[in-house]
Engineer: 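Mind looking over this structure? Questions follow.
Heads up: numbering here begins at 1 and tracks the sequence. Computed over heavy atoms, backbone and side chain alike; hydrogens, waters and symmetry mates excluded.
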Amino acid sequence: MPAFVKYEIAALVLLFVVMMAAARNVPQLHPVEPSAAQPVVQEPAPPAGMLFNIPKIAGKTQAEVEVLLGEPVFCSKAESVLNCSFQDNEIDIVFIDGKADWITVNGTFHNPSYSQKLEGKTKAEILKLLGDPVFCVRTKSKSALNCSFNDGNVSVEFIDGKVEEVNVKGSLGKAPYSKDTLELLGLQAKDATFSNEHVMRWDNIQGLLSVTLYSEEGIVSLATVKAKTK
């Protein structure tokens, strides 16, 4: 056999050995199983007729709360505690260390809009604006007269014949004293942890430390929420 043929055969054998070795080192490809779709966790839809979405407010910064409620009527600060009133004083929020921690929704509150229109006017002027009162009661001080207007939704105090203070009744102040009233606060109705004829309290509800409703003659007068701090 000629020498050059031997060299060609040797070269072919060497190439074959190299190719086989390379094939053994190539990682095997396996079909990838499609991963199972992860279930999407959806937040419960806010209850119909909601007044304030308390779970959305709790724990938020002042800037985040203002996006939800608008600018505050006023704020006062002491050390790490900031107390702000929103929505014409219907809701008060205490920010502790910069986060909304204590929340109060008032059934009846001092409304600046009404106050600007009515304060300082006489009873005769008020009658022209609001109509006849539902009732009037004179207090122990003979100079003070309290009258209720608009089906009891507006309370006016006269001192020496002039309007001194005006309070209005909000949606919460017209709500029945019931667990269903939680829905006005953006919460799901459930049985209370503690309940009597004056106070109804829920502990550890929807991420909140506690929620308390206060009753006055079967109607909610006040709701308080503690997000984190007791």
Engineer: How many angstroms lie between atom CG of Leu82 and atom CD of Gln62, to the nearest 0.5 angstrom?
Structural biologist: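 Answer for the CG-CD pair, Leu82 versus Gln62, is 5.0 Å.
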
Engineer: If you compare all heavy atoms of Leu184 against all heavy atoms of Ser171, which two are closest, and at what distance to 0.1 Å?
Structural biologist: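 In terms of heavy atoms, the two residues are closest at CD1-O, 4.3 Å.
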
Engineer: If hydrophobic clusters are built by linking Ile, Leu, Val, Met, Phe, Trp and Tyr wherever their side-chain heavy atoms come under 4.5 Å apart, do Trp102 and Leu182 end up in the same one?
Structural biologist: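 Hydrophobic grouping puts Trp102 apart from Leu182.
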
Engineer: Apply the test side chain to side chain contact (heavy atoms under 4.5 Å, CB included) to residues Ile57 and Ile91: give CA-CA distance (whole Å), side-chain angles for both, the deciding distance (0.1 Å), then the verdict.
Structural biologist: CA-CA 11 Å; Ile57 296 172; Ile91 180 169; 4.2 Å; yes

Engineer: Please report the C-alpha distance between Lys123 and Cys136 in whole Å, then the side-chain angles of each, then the deciding distance to 0.1 Å, and finally whether the side chain to side chain contact (heavy atoms under 4.5 Å, CB included) criterion is met.
Structural biologist: CA-CA 11 Å; Lys123 184 179 178 182; Cys136 288; 4.1 Å; yes

Engineer: Would you say the side-chain atoms of His110 pair up with the backbone N or O of Asn89, donor to acceptor, closer than 3.5 Å?
Structural biologist: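 No.
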
Engineer: Determine, step by step, whether Val105 and Ile54 satisfy the side chain to side chain contact (heavy atoms under 4.5 Å, CB included) criterion, reporting the C-alpha distance in whole Å, the side-chain angles of both residues, the deciding distance to 0.1 Å, and the verdict.
Structural biologist: CA-CA 10 Å; Val105 181; Ile54 296 300; 4.3 Å; yes

Engineer: Can you name the closest pair of heavy atoms from Thr212 and Arg201 and give their distance?
Structural biologist: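 For Thr212 and Arg201, the tightest heavy-atom pair comes out as OG1-CG, 3.4 Å.
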
Engineer: Does any N or O in the side chain of Gln206 come within less than 3.5 Å of the main-chain N or O of Gln188, such that one atom is a donor and the other an acceptor?
Structural biologist: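 Yes, because the side chain of Gln206 sits within donor-acceptor range (under 3.5 Å) of the backbone of Gln188.
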
Engineer: How close do Lys56 and Leu68 get, heavy atom to heavy atom, and via which atoms?
Structural biologist: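 It is O-CD1, 3.7 Å.
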
Engineer: What distance separates Phe194 CZ from Ser210 OG, expressed to the nearest 0.5 Å?
Structural biologist: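 Between atom CZ of Phe194 and atom OG of Ser210 there are 13.0 Å.
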
Engineer: In Å, rounded to the nearest 0.5 Å, how long is the span from CG of Leu172 to CG of Leu185?
Structural biologist: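 Output value for this atom pair is 6.0 Å.
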
Engineer: Would you name the heavy atoms of Leu51 and Glu90 that are closest together and state the gap between them?
Structural biologist: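 Result for this residue pair: CD2-OE2, 3.8 Å.
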
Engineer: Is there side-chain contact between Thr224 and Val211, with at least one heavy-atom pair below 4.5 Å?
Structural biologist: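 A side-chain contact under 4.5 Å is absent here.
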
Engineer: Main chain of Ser113, side chain of Asn111: is a donor-acceptor contact present, judged purely on distance under 3.5 Å?
Structural biologist: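 Side chain of Asn111 to backbone of Ser113: a pair is present.
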
Engineer: Quick one: CG on Leu130 to NZ on Lys117, what's the gap to the nearest 0.5 Å?
Structural biologist: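 So the gap between those two atoms works out to 10.0 Å.
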
Engineer: If you compare all heavy atoms of Ala58 against all heavy atoms of Leu208, which two are closest, and at what distance to 0.1 Å?
Structural biologist: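 That closest heavy-atom pairing would be CB-CD2, 3.5 Å.
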
Engineer: Under the criterion side chain to side chain contact (heavy atoms under 4.5 Å, CB included), I'd like the reasoning laid out for Val220 against Tyr214: C-alpha separation, chi angles, the key distance, then a yes or no.
Structural biologist: CA-CA 6 Å; Val220 176; Tyr214 297 88; over 6 Å; no

Engineer: Using a 4.5 Å cut-off on heavy atoms from C-beta on, say whether the side chain of Val154 contacts that of Cys147.
Structural biologist: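 Result no, sub-4.5 Å side-chain heavy-atom pair not found.
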
Engineer: Hey, which of Asn146, Leu145, Val168, Val163 is the one that makes side-chain contact (heavy atoms from CB on, under 4.5 Å) with Val156?
Structural biologist: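 Only one option passes, and that is Val163.
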
Engineer: Does one hydrophobic cluster hold both Leu127 and Val166, with members joined at side-chain heavy-atom distances below 4.5 Å?
Structural biologist: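 The answer is yes; both residues are in one hydrophobic cluster.
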
Engineer: Any donor-acceptor pair under 3.5 Å linking the side chain of Gln87 with the backbone of Leu69?
Structural biologist: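 Such a contact is found between Gln87 side chain and Leu69 backbone.
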
Engineer: So does Val199 get a backbone contact from the side chain of Tyr177, meaning a donor-acceptor N/O pair under 3.5 Å?
Structural biologist: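 Checking the backbone N and O of Val199 against the side chain of Tyr177, a donor-acceptor pair under 3.5 Å is found.
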
Engineer: If you round to the nearest 0.5 Å, how far is CZ of Phe158 from OG1 of Thr139?
Structural biologist: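 Here the interatomic distance stands at 12.5 Å.
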
Engineer: Indicate the atoms forming the closest heavy-atom contact of Ile205 with Lys190, along with that distance.
Structural biologist: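 What the structure gives for the nearest pair is CD1-CD, 3.8 Å.
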
Engineer: Is there a donor-acceptor pair under 3.5 Å between the side chain of Ser85 and the backbone N or O of Asp92?
Structural biologist: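 Pair absent, no side-chain N/O of Ser85 close to backbone of Asp92.
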
Engineer: With distance as the sole test, does Ser178 use its side chain to make a donor-acceptor pair with the main-chain N or O of Thr181 at under 3.5 Å?
Structural biologist: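 The answer is no, because no donor-acceptor pair under 3.5 Å joins these two groups.
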
Engineer: Would a single hydrophobic cluster contain both Tyr114 and Leu129, if residues Ile, Leu, Val, Met, Phe, Trp and Tyr are joined by side-chain heavy-atom contacts under 4.5 Å?
Structural biologist: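 Linked within one cluster.
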
Engineer: Do any N or O atoms from the side chain of Asn106 and from the backbone of Phe109 form a donor-acceptor pair under 3.5 angstrom?
Structural biologist: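 Absent.
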
Engineer: Can you tell me if CG on Asp151 sees more than 12 non-hydrogen neighbours from other groups inside 6.0 Å?
Structural biologist: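 It does not: Asp151 CG has 12 such atoms or fewer within range.
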
Engineer: When you measure from the side chain of Glu66 to the backbone N and O of Ala63, does any donor-acceptor pair fall under 3.5 Å?
Structural biologist: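 The answer is no, because no donor-acceptor pair under 3.5 Å joins these two groups.
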
Engineer: May I ask you to say whether Lys179 pairs ionically with Asp191, meaning some side-chain N is under 4.0 Å from a carboxylate O?
Structural biologist: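 Counted as a salt bridge, because a side-chain N and a carboxylate O are separated by less than 4.0 Å.
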
Engineer: Between Thr108 and Asn167, do the side chains contain a donor N or O and an acceptor N or O under 3.5 Å apart?
Structural biologist: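 There is no such pair between these side chains.
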
Engineer: In terms of hydrophobic clustering (I, L, V, M, F, W, Y; side-chain heavy atoms under 4.5 Å; direct or indirect links), are Leu213 and Phe52 co-clustered?
Structural biologist: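 Yes: a chain of side-chain contacts under 4.5 Å links Leu213 to Phe52.
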
Engineer: If you measure from CD1 on Ile93 to SG on Cys84, what distance do you get to the nearest 0.5 Å?
Structural biologist: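 The SG atom of Cys84 is 8.0 Å from CD1 of Ile93, to the nearest 0.5 Å.
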
Engineer: Could you check whether any side-chain N or O of Lys99 sits under 3.5 Å from a backbone N or O of Phe95, counting only pairs where one atom can act as donor and the other as acceptor?
Structural biologist: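 No, the answer is negative, given that no donor and acceptor are paired below the 3.5 Å cut-off.
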
Engineer: When you compare the side chain of Val73 with that of Phe86, does any pair of heavy atoms fall below 4.5 Å?
Structural biologist: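 A side-chain contact is absent here, since even the closest heavy-atom pair is not under 4.5 Å.
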
Engineer: Should the heavy atoms of other residues, nucleotides or ligands under 6.0 Å from CH2 of Trp202 be counted, would the total exceed 12?
Structural biologist: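 Yes, CH2 of Trp202 has more than 12 neighbouring heavy atoms, counting only those of other groups under 6.0 Å.
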
